[in-house]
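Reading through the structure tokens given below for one structure.
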Number of protein chains: 2
Amino acid sequence: MTTPVPDRLRLDQQICFSLNAASRAFGGVYRVLLKDLGLTYPQYLVMLVLWEHGELPVKKLGEHLRLDSGTLSPLLKRLEAAALVVRERSERDERSVRVRPTEAGTALRERAAEVPLRIAAATGFDLAEVQDLRARLDRLTAALDAFGPASAPAPS
Amino acid sequence: MTTPVPDRLRLDQQICFSLNAASRAFGGVYRVLLKDLGLTYPQYLVMLVLWEHGELPVKKLGEHLRLDSGTLSPLLKRLEAAALVVRERSERDERSVRVRPTEAGTALRERAAEVPLRIAAATGFDLAEVQDLRARLDRLTAALDAFGPASAPAPS
DNA sequence: CGAGATTAGATTGTGCACAACTTAATTGTG
DNA sequence: CACAATTAAGTTGTGCACAATCTAATCTCG
């Protein structure tokens, strides 16, 4: 026993674990707050983008959310089944599918307006802390992305 | 258009989005690094706990990772199929199932030893930044947890 | 123009997260 | 002791994330 592996491997020092835990804890709070609206958290993110931009092809939606069609296609299908969005083939480019909120989808925006406030309250963070944390996380994401796709040539 | 909803709803100000994105970006890097080991990221976390503690009932494992049996049971079944762990009913309490790494599972620890280093390199963060970020995230998680299960009584 | 490359979206398959439920063992209390 | 309550795992069903693959439309260039 007692392999010569130092603290580096200790779970409680793994930032990824904290990140993962925080992300799931957020998910739990969102689940509660979004239940009334009939939305899951990823669906809510999609609606946020649509509320802001009005209408977008699936591709653009995916760029905003860093999600691919494998995730978005079924998710959008569920939102369409819930009558919150409509999807239609672009006439200019038959490959593209444009997604836009229905009237019900747009109306939902007002009911969702208090969600961010309640989330902010749940975090116990003030605005400055939130901004700061967000900046760090975005920097982290950028660094990881640079490493991620098509890399990892074993530096050793 | 232009519902009277302020910046609060703007996607790019939502910390949860940054958190989610960072978490998935981490997932991508881990996926690359763990591919050789034949582990997914959640499986790696389980192995970390087992490497540290040697043998644990599923319940304890879940407490360390904040995961329930609905997630752990099939995950452990896959780790067992990969011959990295064994599960056996406790004799003292037949309800409990104790999980422990096999010899192959223990051996894997050495091959995994460089993973944290490579992750650290990928983040571009120094140790102090990592510690700091982790502390903030853990505080955030604690706050969210306090809110989460059996709460949400609409403070307004 | 026309064949190959590229692009958008959908589909398939694997694995995780979690709620809700089931089963079986244990504990607590009268 | 008996029986209700609790507890540990497992199971089922839904939804998300992502790789790999497929189809159809568009683009590019000879």
Practice problem: When you get a sec, tell me which of D:dG10, C:dG15, C:dG9 is the closest nucleotide to the side chain of B:S73? | Solution: D:dG10
Practice problem: Take the protein atom CD of B:E88 and the nucleotide atom C1' of D:dA8, then report the distance between them rounded to whole Å. | Solution: 16 Å
Exercise. Apply side-chain contact (heavy atoms from CB on, under 4.5 Å) to B:E63 and list each qualifying residue two or more places apart in sequence or on a separate chain.
Key: B:K59, B:K60
Practice problem: On DNA chain C, check which nucleotide each of A:A25 and A:R89 is closest to and give me the residue with the more 5' one. | Solution: A:R89
Quiz item: Where do B:T123 and A:A143 come nearest, in terms of heavy atoms and distance?
Solution: O-CB, 3.2 Å
Quiz item: For B:P57, which contact category applies under a 4.0 Å heavy-atom criterion: base, sugar-phosphate, or nothing?
Solution: sugar-phosphate
Quiz item: Once you round it to whole Å, what is the distance between P of D:dA17 and CG of A:L144?
Solution: 17 Å
Quiz item: Between C:dA17 atom C1' and B:L76 atom CG, what is the distance in whole Å?
Solution: 14 Å
Self-check item: Protein-nucleotide distance (B:E63, atom CD; D:dT7, atom P), rounded to Å
Solution: 12 Å
Exercise. Establish, for the pair B:R139 and A:F125, whether the NZ or CZ atom is under 6.0 angstrom from the six-membered ring centre and no further than 45 degrees off its axis.
Key: yes
Exercise. Answer with base, sugar-phosphate or nothing: what part of the nucleic acid does B:L67 contact at a heavy-atom distance below 4.0 Å?
Key: sugar-phosphate
Practice problem: Take the protein atom CG of B:L34 and the nucleotide atom C1' of D:dA19, then report the distance between them rounded to whole Å. | Solution: 16 Å
Self-check item: Flag side-chain contact, heavy atom, 4.5 Å: B:Q43 against B:L84
Solution: no
Self-check item: Residue met sooner reading DNA chain D from 5', once B:R98 and B:R24 are mapped to nucleotides
Solution: B:R98
Self-check item: Test side chain to side chain contact (heavy atoms under 4.5 Å, CB included) applied to B:T71 and B:D68, step by step
Solution: CA-CA 6 Å; B:T71 300; B:D68 65 7; 3.5 Å; yes
Distances for protein N/O vs nucleotides 20-29 of chain C N/O pairs under 3.5 angstrom?
| unit_1 | atom_1 | unit_2 | atom_2 | d |
| --- | --- | --- | --- | --- |
| C:dT26 | OP1 | B:E94 | N | 3.1 |

Practice problem: Let me know the distance between CG of A:L39 and P of D:dT14, rounded to the nearest Å. | Solution: 19 Å
Practice problem: Mind checking A:L75 for me? I need base, sugar-phosphate or nothing, with any heavy atom below 4.0 Å counting as a touch. | Solution: sugar-phosphate
Quiz item: Is there side-chain contact between B:L50 and B:R100, with at least one heavy-atom pair below 4.5 Å?
Solution: no
Self-check item: A:N20, nearest nucleotide to its side chain (from C:dA10, C:dA17, C:dC18)
Solution: C:dA17
Quiz item: How is B:T71 classified with respect to the nucleic acid when contacts are heavy atoms under 4.0 Å: base, sugar-phosphate, or nothing?
Solution: base
Quiz item: Does C:dT11 have OP1 or OP2 sitting under 4.0 Å from an N or O in the side chain of A:K77?
Solution: yes
Exercise. Would you kindly give the NZ-to-P distance between A:K60 and C:dG9, to the nearest whole Å?
Key: 11 Å
Exercise. Using whole Å, report how far CG of B:L72 lies from C1' of D:dA9.
Key: 10 Å
Quiz prompt | Plane angle bin for A:W51 and A:Y44 - parallel if under 30°, tilted between 30 and 60°, otherwise perpendicular | solution = perpendicular
